[in-house]
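Read through the structure below, which is laid out as C-alpha cells, and then see the notes.
All heavy atoms count here, side chains included; hydrogens, waters and symmetry mates do not. So you know, we letter chains A, B, ... as the sequences are listed, proteins then strands, and number each from 1. All of these numbers come straight from a predicted model, not from anything done at the bench.
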Number of protein chains: 2
Amino acid sequence: MGGPRFEPVRAVRAYERVVEQIEEAIEGGTLCPGQRLPSERELMVQFSVSRSTVREALRVLQARGLVRSRPGDPHGAEVLPFSPAALHKSMTTLARVAELSLAELVQFRMVLDSSAILLAARLRTDEQLAEMDTAVIRMRAAVEAGGDDFGACDVAFHDAVARASGNKLIQICTDVVRSIVLDLISEKIAGAPDGEALMRQSIRHHEEVIAAVRTGDGPLAARLTRQSMYDYYAGYVPPAERAALRALLE
Amino acid sequence: MGGPRFEPVRAVRAYERVVEQIEEAIEGGTLCPGQRLPSERELMVQFSVSRSTVREALRVLQARGLVRSRPGDPHGAEVLPFSPAALHKSMTTLARVAELSLAELVQFRMVLDSSAILLAARLRTDEQLAEMDTAVIRMRAAVEAGGDDFGACDVAFHDAVARASGNKLIQICTDVVRSIVLDLISEKIAGAPDGEALMRQSIRHHEEVIAAVRTGDGPLAARLTRQSMYDYYAGYVPPAERAALRALLE
DNA sequence: GTAAATTTGTCCGTATGTATC
DNA sequence: TGATACATACGGACAAATTTA
C-alpha cells in the first residue's frame, strides 16, 4: 500500500522567487538595515528575469515594509530597519474588512494594556518607573497649558509602561491597537473635546496606577487600568456592547 | 504669528493611486468578496496608466491579501474574503527582524489565551461550552489512538475558547501567535515527541479549565490557563527568561 | 552652481502558456 | 476541439529625479 507521497505543487511566479530570496537574505541577516540592494538592472541580471519582474518583487517587499526605493537613487533600494508599519497596515485593513467593532478593539486594548502594566509592576526598573512619573507630570503640565498636548503625553505614559513590560511584541501591539482606536474615535473626540475635568480624572487614575506599580501590586495596577480605560471609552461604545467590556472588570 | 499650516507632500507614485482606489473600494464595501476586478487591460484604460503600473498595483494588493489573480482567468482578479494571512505574514516577519524571543511569544500567548478564557467563562453560550467539551473528549480519544491527532484537537479546543470570547480580534491573534510559536518549536517537539504522560496531564488541565468555565469563574480559568501554558512551554524557554513568564503567574 | 551619468518611474509592444466558452 | 481572452514575462524606450564630479 502507499507508494510515494507527492506534495501539491503551487505554480510559483517568477517574482515570488525573487521576493523569497531577498526576504530570506533580510530575515536571515545577510542583508542588514541601511544596506542597499543592487540596482534593478543588476538584479535582473542576477536573477535572470526581466525588469518588470524585478519591479513587481520590489513592490511586494516594499508593501511588507522591508525595503524602500527612491527614484534616481544610484545606491539601489534601501533595506529598512524594523518597523511595525506593515503590522499596523494589515491590522487596520483587518479591522475594516472583518468589520471589527470599536468594542472589540477597546476590549483588546484593555487586555493588552492591563497585561503590560501587570508585567511592568513586577519587572520594571527604577529608571522606567521614573519615566512613567515624568510622563504624568507632563500630562499635568499639559492641562495647565490648555490641554493641547495632553493626548501626546498620555501616549508617552502608555508607551513607557509597554516598554517596562519587557515584551517587544506587547509594546508593538499596544501601540498599533491604540492608534487604530484613536483613529476610529478621532472625529467624535474632536466634536466633544477633552474637558478639563476629564483630563484631571485621567491624571488621577494614572497616579493611582503608578502607586500600584511602585508597590509592585500588579493585579491592582491591571484592574485600575482596565477600569480607567472603560471609563474613558465606554461612552463611545454602543450601550449594547458595553457588557462585553464590563466582562473584563470584576 | 502662524500663517497657513502646510502639510508635507510625499511624492505619490501612480501605482499607489491605483492601490488606494481599489483598496478603498474593497474596504468600503463597493467591491465584495467573490466579485471580480476588471481585466488588467481594462484597468489601464480606467486609470489611464500603463500595464506595468496596473500590475505593480495588483502585486501590492495581492501581498495584502485583498485580491488574487490567475493566468488565463477571463473574469479578472478575484476579490478575496477576509483572511488573517496578511496579519500572519507581517507578524512572522516581525518575529524574525525584531528578533522576538520565544519567551516573548509564549508570554504573549499566555496573555491572549488567558484573556480569551476569562471572557469565555463570562460570556459563553451553552453551545460553545459543549464545543469545548467535545474538543477535550476528542483529545482523550486521540491519546488512546496513539496521539497523532492530539495537537490538532488541542488547537480545536483553544479555537473554541477564542470563538466563545466573542472578540474576533482576540480569536485571530491567538490563532496567529499560536501557529508562530508552534513553528518555532516544531523541531524540538519532533525530537521529543509528546509523551503520553504529558498529554494526559494536559487533558487534566483542560478539564479543570472547563470546570471553571462551567461555573463562570473567569479568573480561575485564566489562572489555570496561564499555569498550564507555562508548564508546557517553559522547558523550551532558556532558564534566564523564564522569570518573565512566571511574572504572569501569581 | 552646473552638467553628466546613473537610476527609478512609466509606457509600449510582443511572445507564451492557460483557463474559459 | 477550437477560438478567444487572459495573465505572465520579456525587451526596449523615454522622462523625471538624484547623486556626483
Item to check | B:T53 (side chain) donor-acceptor with B:V49 (main chain) under 3.5 angstrom | outcome: no

Checklist entry - Taking the side chain from B:N167 and the backbone from A:E104, do they hold a donor-acceptor pair closer than 3.5 Å? => result yes

Count the heavy atoms of every other residue, nucleotide or ligand shown that sit under 6.0 Å from [atom1] of [X], and state whether that count exceeds 12.
X	atom1	answer
A:E144	CD	yes
B:Q46	CD	yes
B:Q35	CD	yes
A:R138	CZ	no

Next on the checklist: Taking donor-acceptor contacts at under 3.5 Å, does the side chain of A:R51 reach the base of C:dT10?
Outcome noted: yes

From [atom1] of [X] over to [atom2] of [N], roughly how many Å is that when rounded to an integer?
X	N	atom1	atom2	answer
A:L58	C:dT7	CG	P	14 Å
B:R41	C:dC11	CZ	C1'	15 Å
A:R36	C:dT7	CZ	P	13 Å
A:E42	C:dT6	CD	P	13 Å
B:H75	C:dT18	NE2	C1'	14 Å
B:E16	C:dG9	CD	P	10 Å
A:R55	C:dT7	CZ	P	14 Å
A:D73	C:dT7	CG	C1'	8 Å

Checklist outcome for this item: Result for 5'-nearest mapping on DNA chain D, choosing between A:V49 and A:P74, is A:V49

What does [X] touch in the nucleic acid at a heavy-atom separation under 4.0 angstrom: a base, only the sugar-phosphate, or nothing?
X	value
B:S52	base
B:E40	base
B:R59	sugar-phosphate

Checklist entry - How would you give the extent of chain B contacts on DNA chain D, as first and last nucleotide 5' to 3' within a 4.0 Å heavy-atom cut-off? => result D:dC6 to D:dT8

Checklist entry - Among B:H158, B:E131, B:Q128, B:Q171, which one satisfies side chain to side chain donor-acceptor pair (under 3.5 Å) with B:R163? => result B:E131

